[in-house]
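Just below is one structure, and these are the notes that go with it.
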Amino acid sequence: MAGRLWTDEELAILTEGYPKEGIRVMERLPGRTRSMVAQKARSLDLSAPKDEWNTEELAILKKWYPSEGSEVVARLPGKTRHAVRAQAQRAGLANKARWSEAEDEIIRMWYPTEGPEAAGRLRGRTRESVRIHAQKLGISCEYSKRPRRSE
């Protein structure tokens, strides 16, 4: 997909849709990734709409973000994980979700061979949070020590 030129139809969708829909316009641009859409919008000097949060949404965020982190997105229709994390940061909220012993065991079992990909086995945990927590547990990743195949 790298280097594929934008069609006139795609440009029309982006130019018309991005100012109203923001990054969600990518749903109407099959084969275009989030970063492709954002980069093209920047190059065309298009601005996304300001992400407004109403009182109810902010209350949900304040109540649930500290324990659920970005998983609270399921309680906030129309919001993306990125928007949730950004708003939580602006509001000074921290995700204080504790790591359970069961999660630690999953990391002990799978992180050495899967590395950050072990996050797929843990609900609500990102690859980065798994990497950091594994490091705190003193668990290294054999996965990252494998030589990479050249393409």
Side-chain angles (χ1 to χ4, degrees), residues 1-54 56-58 60-97 99 103 106-107 109-136 139-151:
M1 187 66 46
R4 182 170 69 97
L5 295 177
W6 285 73
T7 66
D8 289 341
E9 182 183 352
E10 288 176 317
L11 290 171
I13 291 169
L14 184 65
T15 303
E16 181 184 320
Y18 194 80
K20 298 173 191 167
E21 303 168 46
I23 199 64
R24 287 191 193 99
V25 74
M26 70 180 271
E27 295 167 7
R28 296 190 292 127
L29 295 165
R32 297 295 183 179
T33 65
R34 178 184 193 92
S35 64
M36 290 170 148
V37 170
Q39 184 178 11
K40 191 62 172 178
R42 275 192 304 275
S43 77
L44 296 172
D45 203 24
L46 299 174
S47 297
K50 189 172 185 316
D51 186 21
E52 300 290 336
W53 286 70
N54 64 39
E56 182 182 344
E57 290 169 330
L58 289 171
I60 290 169
L61 186 70
K62 287 176 183 173
K63 179 177 181 178
W64 295 103
Y65 188 82
S67 61
E68 294 181 355
S70 63
E71 288 298 308
V72 75
V73 73
R75 299 174 186 274
L76 295 163
K79 300 295 183 191
T80 64
R81 285 182 190 279
H82 177 76
V84 165
R85 284 191 292 265
Q87 185 62 35
Q89 187 175 23
R90 282 191 293 275
L93 300 174
N95 177 4
K96 297 184 177 108
W99 289 84
E103 288 175 312
I106 290 170
I107 289 177
M109 180 180 289
W110 297 103
Y111 191 82
T113 56
E114 295 182 354
E117 298 297 323
R121 300 176 179 277
L122 297 162
R123 184 175 181 274
R125 302 295 185 178
T126 65
R127 291 170 42 126
E128 182 65 6
S129 68
V130 166
R131 186 191 65 73
I132 291 168
H133 192 65
Q135 188 176 29
K136 287 178 184 175
I139 302 168
S140 61
C141 170
E142 298 160 12
Y143 165 86
S144 65
K145 296 174 187 165
R146 289 188 214 152
R148 293 186 182 223
R149 293 183 295 186
S150 58
E151 295 186 34

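Atom set for the values below is all heavy atoms of this structure, side chains included, hydrogens, waters and symmetry mates excluded. Keep in mind that this is a model prediction, so the values were computed, not measured.
- L76 is not listed as a side-chain neighbour of Y65, based on a closest heavy-atom distance of 4.5 Å or more.
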Begin from the C-alpha positions of K63 and R75 and carry the test side chain to side chain contact (heavy atoms under 4.5 Å, CB included) through to its verdict.
-> CA-CA 11 Å; K63 179 177 181 178; R75 299 174 186 274; over 6 Å; no
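- Residues P116 and Y111 meet the side-chain proximity criterion, which asks for heavy atoms closer than 4.5 Å.
- Residues E103 and I107 have side chains not in contact (no heavy-atom distance under 4.5 Å, counting atoms from C-beta outward).
- Looking only at side-chain heavy atoms (C-beta outward), I139 and W110 stay at 4.5 Å or farther from each other.
- You'll find the side chain of H82 reaches within 4.5 Å of the side chain of R34, heavy atoms only.
- Scanning both residues, R125 and A119, for their nearest heavy atoms gives O-CB, 3.6 Å.
- Although no hydrogens or angles enter the test, the distance criterion places a donor-acceptor pair under 3.5 Å between the side chain of E10 and the main chain of T7.
- Rounding to the nearest 0.5 Å gives a distance of 6.0 Å between CG of L14 and CG of L44.
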Passes side chain to side chain contact (heavy atoms under 4.5 Å, CB included), V84 versus W53? Steps please.
-> CA-CA 10 Å; V84 165; W53 286 70; 4.1 Å; yes
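- Across every non-hydrogen atom of R32 and L5, the tightest pair is NH2-O, 3.0 Å.
- Residues L46 and T15 share a closest heavy-atom pair of CD1-CA, 3.9 Å.
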Verdict with reasoning, Q87 to R90, per side-chain hydrogen bond (donor to acceptor under 3.5 Å, both in side chains) = CA-CA 5 Å; Q87 185 62 35; R90 282 191 293 275; 2.8 Å; yes
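- More than 12 heavy atoms of other residues, nucleotides or ligands shown are found within 6.0 angstrom of CG on N54.
- A distance of 13.0 Å separates CG in L122 from CZ in R127, rounded to the nearest 0.5 Å.
- Side chains of R28 and V25 form a contact here, defined as non-hydrogen atoms less than 4.5 Å apart.
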Using the side chain to side chain contact (heavy atoms under 4.5 Å, CB included) rule, take I106 and W99 through it: C-alpha gap first, then chi angles, then the decisive distance, then the call.
-> CA-CA 11 Å; I106 290 170; W99 289 84; over 6 Å; no
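- The shortest non-hydrogen separation linking K79 to V73 is O-CG2, 3.0 Å.
- Using a cut-off of 4.0 Å between Lys/Arg side-chain N and Asp/Glu carboxylate O, E114 and R121 are scored as salt-bridged.
- Residues G31 and M36 come closest through the heavy atom pair O-SD, 3.9 Å.
- To the nearest 0.5 Å, the span separating CE on M26 from CD1 on I13 amounts to 13.0 Å.
- The minimum heavy-atom distance linking A48 with Y18 is given by the pair N-CE2, 3.4 Å.
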